[in-house]
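Please read the structure below before turning to the comments.
Numbers here are sequence positions counted from 1. Being a predicted model, the structure only gives us computed values, none of them experimental.
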Amino acid sequence: MSTPVEGAAAGHAPTASEYISHHLGHLSNKHQDFVVDFTVFNIDTIFWSIFAGTLGCFIMWLAARRATSGVPGRFQAAVEMLVEMVENQSKAIVHGDRSFIAPLALTVFVWVALMNSLDFLPVDMFSSFFALMGWDSVIAYHRVVPTADLNGTLGISLGVFVLMIYYGIKIKGFGGWLHELVAAPFGIWMAPFNLLLNIIEYLAKMVSLGMRLFGNMYAGELLFLLIALLGSMATTFGFLGHVVAGSIWAIFHILIVFLQAFIFMMLTLVYIGQAHEGH
């Protein structure tokens, strides 16, 4: 199958499958030959993840800088409501020192919400810009939503996994954590089965956390591409489908974007909260 760039060079517009595969391709440092290849870096995912994280830090810094003890403006009130919501959730779930955990949950929510929100950008905006600048032969593929890349979501969930281990050892001590790993839930006499069960549980938490966010955002991105293809139909149905379906899905997607950020934050709190408790 030819790429959209090759199709354009040959003098014909890309087919629907070429269009979708083009928008689902990543700007990477090398071609990926295997399903798992740790030498491949998706540059677009890394760039937009850092961009969203930097933007989130700037927004929270701006809110703290503009904070006043008087009547708060709408921006300060919105940030205060967000902080209070995260604080209440962390207080209800984590029983212990939350001096790091509550800010972590706030960071996770803001970061994931901003990365998800990049899905609101027009699907053809960057490819059209690169073609206009004559960069389409250099940047043939580019994806703007880091959470629609499994590498990005599993990277975040890997950080949560490390924190689960860290707090498990910090709260219970290394000996207590290791004993729980081999003794719970069936007793020390079932140590091999307990160890296997607990390892599977840890890995299942990490993988499901990343897969859940990836699956929802990938499906949303794919739906936007399918709706965009309706606009290529020079018919009344194509136009109405593109405008009406696109508008309805965009409105519904606003809920998905922030709901998935909230779920990711809540599961992060739940998993770290479980590390504070014993079986």
Side-chain angles (χ1 to χ4, degrees), residues 26 32-42 45-46 49 53 86-112 115-116 146-219 259-279:
H26 284 284
Q32 185 168 342
D33 297 318
F34 303 99
V35 176
V36 179
D37 188 346
F38 293 106
T39 64
V40 176
F41 297 95
N42 292 337
T45 297
I46 296 172
S49 297
V86 174
E87 173 66 18
N88 291 336
Q89 296 297 335
S90 65
K91 188 185 300 183
I93 296 173
V94 181
H95 306 293
D97 183 15
R98 294 175 292 103
S99 57
F100 174 78
I101 298 173
L104 168 70
L106 178 64
T107 302
V108 166
F109 178 82
V110 173
W111 190 28
V112 174
M115 287 192 289
N116 291 352
T147 47
D149 179 10
L150 187 58
N151 296 283
T153 57
L154 283 181
I156 306 173
S157 61
L158 180 61
V160 177
F161 172 79
V162 171
L163 287 173
M164 286 192 296
I165 302 296
Y166 169 77
Y167 275 102
I169 296 175
K170 179 182 179 181
I171 301 300
K172 302 160 189 172
F174 181 75
W177 173 79
L178 192 61
H179 179 267
E180 184 178 85
L181 196 64
V182 297
F186 300 120
I188 192 65
W189 58 280
M190 294 282 283
F193 300 99
N194 293 328
L195 179 62
L196 178 62
L197 188 65
N198 284 311
I199 290 176
I200 292 174
E201 181 184 357
Y202 271 118
L203 294 178
K205 286 178 180 178
M206 182 189 72
V207 173
S208 64
L209 185 63
M211 288 290 290
R212 182 181 292 105
L213 179 59
F214 160 74
N216 281 278
M217 296 311 300
Y218 182 86
L259 180 62
Q260 289 303 315
F262 178 77
I263 291 174
F264 198 96
M265 178 202 74
M266 289 296 293
L267 289 176
T268 299
L269 287 174
V270 168
Y271 293 159
I272 294 178
Q274 288 175 345
H276 284 69
E277 302 170 357
H279 285 279

Which residues pass the side-chain contact (heavy atoms from CB on, under 4.5 Å) test with [X], not counting sequence neighbours?
X      : value
Val207 : Met211
Val182 : Ile188, Ala191, Leu195
Leu267 : Leu209, Arg212, Ile263, Tyr271
Leu106 : Met60, Leu82, Val83, Val86, Val110

Residue pairs involving residues 179-208 (criterion ring-ring contact (aromatic ring centres under 6.0 Å, His included); sequence neighbours excluded):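 Listed by first then second residue: nothing to list.
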Qualifying ring-ring contact (aromatic ring centres under 6.0 Å, His included) pairs with a residue from residues 147-169, counting only residues at least two apart or across chains: Tyr167-His276
Nearest 0.5 angstrom please: [X] [atom1] to [Y] [atom2], how far?
X      : Y      : atom1 : atom2 : result
Lys91  : Ile101 : NZ    : CD1   : 14.0 Å
Thr153 : Leu158 : OG1   : CG    : 11.0 Å
Met115 : Phe264 : CE    : CZ    : 7.5 Å
Glu180 : Asn194 : CD    : CG    : 10.5 Å
Ile165 : Trp177 : CD1   : CH2   : 4.5 Å
Leu104 : Leu269 : CG    : CG    : 7.5 Å

Within the 4.5 Å heavy-atom criterion, are Lys205 and Val160 side-chain neighbours or not?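 No, their side chains stay 4.5 Å or more apart.
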I'd like to know if the side chain of Asn116 reaches the main chain of Thr147, judged simply by a donor and an acceptor atom lying under 3.5 Å from each other, with no hydrogens or angles considered. no
Quick check: closest heavy atoms across Leu150 and Phe214, and the distance to 0.1 Å? N-CD1, 3.4 Å
Please report the closest heavy-atom contact between Ala102 and Ser90, naming both atoms and the distance.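 Closest pair (atom of Ala102, atom of Ser90, distance): CB-OG, 3.7 Å.
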Among pairs that include at least one residue of [range], which meet salt bridge (charged side-chain N to carboxylate O under 4.0 Å, His left out), considering only residues two or more places apart or in two chains?
range            : value
residues 148-164 : none
residues 185-199 : none
residues 92-109  : Glu87-Arg98
residues 152-171 : none

Name the residue from Leu203, Leu196, Leu197 that meets the side chain to side chain contact (heavy atoms under 4.5 Å, CB included) definition with Ile199.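 The side chain to side chain contact (heavy atoms under 4.5 Å, CB included) with Ile199 is passed solely by Leu203 among Leu203, Leu196, Leu197.
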With side chain to side chain contact (heavy atoms under 4.5 Å, CB included) as the criterion, how do Ile272 and Phe100 come out once you've worked through the C-alpha distance, each side chain's angles and the decisive distance to 0.1 Å? CA-CA 11 Å; Ile272 294 178; Phe100 174 78; over 6 Å; no
Derivation of the side chain to side chain contact (heavy atoms under 4.5 Å, CB included) call for Leu213 and Val112: CA-CA 9 Å; Leu213 179 59; Val112 174; 3.9 Å; yes
